Amino acid sequence: MTARRYIGRAVPRPDAPDKAAGRALYIHDLARPGMLYGKVKFSEHAHARILRIDTSAAERVRGVRAVLTAWNTPELRFGFLRDNLALKRDKVRQFRDEVAAVAAVDPDAAAEAVERIRVEYEPLPGVFSPEEALREGAPLVHETDPQGRPRRDNRVPLRFHHESGDLAAAERASRYVVAGTFSTPRIQQSCMGTAGCIAEFDRRGHLTMWAKTQIPFLAQRDFARALADIGLGDRDVRVVVPTLGGGFGSGLDTHAYEYLAILLAWKTGRPVKIVYTREEEFACLSPRQCAVTRIAQGCDAEGRLTFRRVEVLQDNGAYTSWGATYPSVMMVPVTSLYKVPAVYFDAQLAYTNNTYCQAMRGYGNPEVNWAIESNLDDLARAAGIDPLELRLRNCNEPGEVTPMGLKVGTCGLRECLERTAARLGWRERRAARDGTAGAEPAKRRGIGLASLCHVGGSGRIYRSDASGVVLRLDDFGFVHVLYGGVEMGQGLHSVLTLAVAEALGVRPEKVVIGPTDTANCPWDVGTHASRGAFMACTTVLRAADALRRRIFDLARTVFPAEAEEALRRHRKRNPDDRPPEFDVAAAAARTGAFDLRDGVLFLRDAPPEPWLRLDLARFLRAVHFREGGEMLSAEAFVDPPTQLPDFERGFGNLSAAYAYGTQGAEVEVDLETGEVRVLRLVAVHDVGAVLNAQTLAGQMYGALAQGLGYALYEEVLSEGGRILNPDFRDYKLPTAHEMGMPIELEFVEPNEPAGPFGAKGVGEPGLVPTAPAIANAICDAVGVRLHDLPLRPERVLEALRKRGG
Amino acid sequence: MTPRKTGRRSAPGPRVSARGRRPESGAAARASGSRPAASAPGTTPVRFVVNGAEAEVAARPSDRLLDILRGPLGLTGTKEGCGAGECGACTVLVDGRPVNACLFPALEADGRAVTTIEGLGGPAGELSDVQRAFVECGAIQCGFCSPGMILAATALLAEHPDPTDGQIRDALVGNLCRCTGYVQIVEAVRAAAARRRTAGGAR
């Protein structure tokens with residue numbers, strides 16, 4: 001392969017100019033003729049029986065077109081376990097439960113109508129922690145399962161388990177064993193653009209949904225099921241994805257508001273838009289799952305890991321989303337981060353009357369990574385081995401098959417660890433002593449690091465793990481790309497553009513990415529599991545290859561005639577020029593004669609004469625406008641070589657490649673206030689190969705900010721099921737100030753053979769090890785181990801007090 | 001009421017003064033042809049300059065500047081991220097100073113000059129230097145915070161042509177971004193400032 005022209009460079013994104021100009025259209029900016037505004041009436045109790053709903057006053061509000069409750073609409077059941085209803089009938093199980101919905105001609109009328117809906121409840125005792133929920137005799141969140149069979153307890157009927165090696169023997173043989181319990185909070189995805197949709201039926205009953213989703217095709221299936229439930233089972237569903245104001249996992253499920261928009265549109269015959277306010281987004285959109293992880297790890301006298309035991313308890317909330325399958329990803333680091341011969345993993349989810357949770361970037365990995373990497377530092381301390389050395393001694397290797405059956409291809413973990421350590425000045429500083437003095441006497445500084453592994457070659461969590469692309473060439477040399485994955489800000493369209501330019505041989509300006517629309521794009525399982533760029537490039541490489549073959553095949557006949565014509569024109573314009581003799585027909589007949597680069601078709605071994613260089617657009621027109629003419633396009637649909645693991649046994653090669661990385665932090669801890677200041681961050685990641693250096697850096701910086709927020713600031717607080725901080729005043733996102741520390745990025749490029757252009761997925765890894773790296777640095781600075789995120793000053797102080805310092 | 005960027009993280013110190021009206025842009029031309037202020041019951045006409053062009057809108061007392069920009073004026077480049085002055089996505093310039101359009105009463109805009117993201121570019125839609133720097137430095141991901149961020153940065157550079165990193169971060173502290181970690185945004189502001197100095201002033 002010749003040197004790459006676009007892949008690997010730092011290239012601005014194609015969608016940036018319109019976004020900079022305020023011209024990108026988000027769901028908030030879209031309107032349809034005759035559109036109504038929908039609004040949801042949410043529950044006022046965490047757990048209560050619904051006795052009566054009085055909508056008469058709401059119906060009288062001027063401009064109101066429909067008021068829906070469970071009593072005047074068909075039942076729409078949805079969710080990962082289909083345990084959720086678009087409108088609740090018998091009881092509410094969380095504060096945000098949807099009890100009614102209104103459509104009106106303007107948002108004010110809709111809001112007023114919602115305020116006038118009166119609901120009588122009979123409050124029920126609730127359960128607000130998984131421990132409480134699993135206690136004998138605890139109130140049941142769901143008395144029956146979706147099939148109507150009685151339920152005995154609050155266990156979510158999903159099982160995730162893994163056992164490998166001889167655990168008992170390994171525990172006995174361990175020289176050092178350290179156990180601990182670690183917790184992570186619910187956090188909000190906090191997309192700057194809130195959630196919303198527009199539902200519209202045409203006069204044949206076909207539905208179009210403009211949806212803020214990461215899964216247009218799974219959403220299409222969900223919505224089609226809803227149509228079947230309202231008696232429109234034979235109608236078409238089209239999902240169109242507008243510009244997304246962020247995703248971060250919040251778009252991996254379909255949501256009640258989407259079904260309510262469908263119901264309202266169906267009832268009124270008008271398009272209906274529902275957009276959440278920020279407060280609704282905080283209080284009524286599912287946050288990241290919280291988890292409590294009990295862990296024990298052991299090693300022998302030389303620091304070789306002997307076993308790892310991890311038990312996770314998750315507060316699922318009242319209903320089940322895809323987020324309930326976090327343990328399927330937790331298994332990856334639990335079984336496969338560092339070499340561990342014996343592993344025990346079990347995850348349990350409990351229904352509670354808290355807000356139900358959903359996916360977020362990292363999907364289970366940060367939750368257990370927090371436990372593994374914190375506990376590993378404690379183990380190193382117990383064994384008297386430097387934490388870096390302990391990790392290097394157990395480092396994953398290329399070609400390894402892990403206890404879960406993950407087939408590691410390339411693995412740059414050792415280099416990630418070494419490079420991070422070098423940048424932190426690890427060995428020199430650790431040799432000096434633990435915890436160096438800070439700027440002031442009451443401040444102590446320390447350094448820490450933590451690593452991760454994650455799926456890096458898509459991840460099969462569904463029956464299909466596929467994506468598809470269509471490349472369509474027009475008469476002007478433009479390549480129109482139809483891809484079913486979602487640009488949510490991460491840079492998918494940038495990578496698609498560069499991949500097409502590189503693989504097909506056109507200039508990036510000639511690549512046009514079409515809207516994500518189930519009516520036009522090939523099926524795609526969704527933009528999750530860091531698979532966007534990996535699958536986009538994989539499919540593009542295949543489609544571009546097919547197109548190039550067809551172009552070169554046609555060129556054998558078309559090119560010589562075009563070259564002759566070009567030569568004629570050339571001679572006319574340059575009568576004195578004596579072009580070299582060259583037998584075009586003979587050259588064109590040879591196999592592998594042609595190449596296409598930057599939109600110019602040429603013979604590989606021809607002299608560099610302008611008349612022997614054919615503009616792609618001209619070639620395409622020649623192919624099109626003739627008898628038996630042809631328009632060129634190619635479609636590729638790729639289901640990658642990934643396995644749907646048996647999650648009850650915890651075995652299967654989930655991904656086609658695995659991503660690794662190490663992050664380091666230097667912190668300063670204030671002994672008087674407990675405040676932690678991160679002085680610098682280092683992130684060294686094995687990305688396979690760089691696709692677009694600029695968007696890659698953007699992904700990493702953004703992930704680090706989320707990792708920092710997860711470590712220090714962010715937590716959705718709730719009491720008795722009610723969210724206490726539904727705004728940015730009380731829910732702390734890192735600002736430009738908090739991200740003011742120096743950040744060093746470095747990428748390890750082992751060139752993954754399973755990856756397109758050698759690349760692995762990178763969307764999620766950047767936020768996974770940030771929190772433990774910071775906590776390990778805190779431990780280095782002040783000698784206390786923190787177990788609960790976020791690392792708020794009062795928790796640090798409390799730990800310092802307990803230590804007696 | 002003094003138009004002031006209100007938000008918990010607003011930087012201390014005075015904000016920028018007006019830099020004069022900008023040339024009429026395509027967006028402004030559209031704005032001026034908007035809904036006539038034939039007073040519907042309960043509304044008051046607001047006459048102001050939007051992106052260099054005169055505009056008149058019938059506003060209700062409860063309308064926010066954000067509502068009349070995004071609604072009757074069709075300037076949807078101004079985003080609503082929180083409606084409470086906490087995220088800065090709706091930042092626009094009023095008489096050159098950055099304000100949260102979600103907190104600014106529409107009626108207060110009467111007689112003032114408002115610049116939205118649509119008004120930053122040149123007459124043929126070319127991007128301003130700050131917008132270009134955001135594009136070139138990779139400062140834009142999902143883009144929802146970008147209009148507000150770019151306007152906040154524009155106001156900063158009008159006051160401080162050569163801002164320190166600290167000044168840049170101060171100026172942007174009321175604008176939340178969930179995608180970028182702010183690194184490339186700060187780089188973009190720095191780059192725009194450097195280019196402006198090399199070019200000898202204005203964009």
Side-chain angles (χ1 to χ4, degrees), chain A residues 10-13 15-26 28-29 108 189-194 243-248 275 277-279 281 487-491 692-695 697-706 708-709 727-729 733-740 743 766, chain B residues 7-9 27 60 62 70 75-87 89 116-118 120-121 125 127-128 130-148 150 165-166 168-186:
Chain A
V11 185
R13 306 157 53 112
D15 55 344
D18 271 349
K19 287 175 172 176
R23 295 180 53 83
L25 295 177
Y26 302 81
H28 319 74
D29 308 322
D108 290 347
Q189 294 80 0
S190 304
C191 300
M192 293 317 297
T194 54
T243 308
L244 290 201
F248 313 119
V275 171
T277 64
R278 179 59 59 188
E279 189 179 349
E281 178 112 345
E487 170 65 83
M488 49 193 166
Q490 82 279 38
N692 180 350
Q694 185 183 81
T695 51
Q699 281 291 286
M700 284 298 164
Y701 288 134
L704 283 164
Q706 293 183 359
L708 184 82
D727 53 55
F728 287 129
R729 200 171 43 247
L733 282 193
T735 71
H737 262 316
E738 281 78 31
M739 286 301 289
I743 300 173
Chain B
R8 101 198 118 109
R9 289 153 173 143
R60 299 172 304 178
S62 61
R70 285 184 55 84
L75 297 170
T76 55
T78 305
K79 302 301 177 196
E80 178 163 9
C82 71
E86 290 160 4
C87 78
T116 70
I117 193 70
E118 289 90 347
L120 281 191
L127 300 179
S128 76
V130 179
Q131 287 171 312
R132 271 202 320 276
F134 269 63
V135 171
E136 286 160 15
C137 295
I140 296 172
Q141 290 192 27
C142 88
F144 203 85
C145 74
S146 304
I150 287 167
D165 267 22
I168 296 174
R169 288 180 190 277
D170 278 349
L172 301 182
V173 84
N175 294 74
L176 294 178
C177 171
R178 188 55 151 170
C179 299
T180 65
Y182 308 97
V183 178
Q184 287 154 312
I185 290 174
V186 173

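So that the names make sense, note that chain A is the first sequence line, chain B the second, and so on, each numbered from 1. Computation of the quantities below employed the complete heavy-atom set of this structure, encompassing side-chain atoms and omitting hydrogens, waters and symmetry-equivalent molecules. What you see is a predicted model, and the numbers here were worked out from it, not measured in a lab.
For B:Tyr182, the part lying near chain A is the side chain, with the backbone staying farther off; criterion is any non-hydrogen pair under 4.5 Å. Residue contact with chain B, scored on non-hydrogen atoms closer than 4.5 Å, involves the backbone of A:Gln189 exclusively. Using a 4.5 Å cut-off between heavy atoms, A:Ser190 contacts chain B through both its backbone and its side chain. Only the backbone of A:Leu244 comes within less than 4.5 Å of a heavy atom in chain B; its side chain stays farther off. Proximity to chain A is absent for every atom of B:Arg132, based on heavy atoms less than 4.5 angstrom apart.
Rounding to the nearest 0.5 Å gives a distance of 11.5 Å between CD1 of B:Ile150 and NZ of A:Lys19. A:Glu487 contributes atom CD, which lies 9.5 Å from atom SG of B:Cys142 (distance to the nearest 0.5 angstrom). Once rounded to the nearest 0.5 Å, the distance linking CE of A:Met700 with OG1 of B:Thr180 reads 15.0 Å. Taken to the nearest 0.5 Å, the CG atom of A:Asp727 stands 11.5 Å off from the SG atom of B:Cys87. To the nearest 0.5 angstrom, A:Asp29 atom CG is 11.0 Å from B:Glu80 atom CD. Atoms CD and SG, on A:Gln490 and B:Cys179 in that order, are 9.0 Å from each other to the nearest 0.5 Å.
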Using the side-chain contact (heavy atoms from CB on, under 4.5 Å) rule, take B:Thr76 and A:His28 through it: C-alpha gap first, then chi angles, then the decisive distance, then the call. CA-CA 9 Å; B:Thr76 55; A:His28 319 74; over 6 Å; no
Take A:Met739 and B:Ile185 through the side-chain contact (heavy atoms from CB on, under 4.5 Å) test and state the conclusion after the steps. CA-CA 11 Å; A:Met739 286 301 289; B:Ile185 290 174; over 6 Å; no
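Heavy-atom pairs under 4.5 Å with chain A were tallied for B:Cys145, B:Gly181, B:Gly77; the largest tally goes to B:Gly181. Highest contact tally toward chain B, considering only A:Gly709, A:Pro12, A:Ala24, A:Ala10, is held by A:Pro12 [criterion: heavy-atom pairs under 4.5 Å]. In terms of non-hydrogen atom pairs under 4.5 Å with chain B, the most contact-rich of A:Gly489, A:Cys191, A:Pro17 is A:Gly489. Across A:Ala705, A:Ala16, A:Ala20, the residue that shares the most heavy-atom pairs under 4.5 angstrom with chain B is A:Ala20. Of the listed residues (A:Ala703, A:Gly740, A:Gly246), the greatest number of heavy-atom pairs within a distance under 4.5 Å of chain B belongs to A:Gly740.
Applying the side-chain hydrogen bond (donor to acceptor under 3.5 Å, both in side chains) rule to A:Asp18 yields no partners; only residues at least two apart in sequence or on another chain are considered.
A:Gly22 approaches B:Pro147 most closely through the heavy-atom pair CA-CG, 4.3 Å. Residues A:Arg13 and B:Gln141 share a closest heavy-atom pair of NH2-O, 3.2 Å. A:Tyr26 and B:Phe144 get closest at one heavy-atom pair: OH-N, 3.3 Å. Summarising the geometry of A:Phe728 relative to B:Cys82, their closest heavy-atom pair is CD1-CB, 4.1 Å, with the distance given to 0.1 Å.
Proximity of a side-chain donor or acceptor of A:Gln694 to a complementary backbone N or O of B:Glu136 within less than 3.5 Å is detected. Between the side chain of B:Arg169 and the backbone N or O of A:His737 there is no donor-acceptor pair closer than 3.5 Å.
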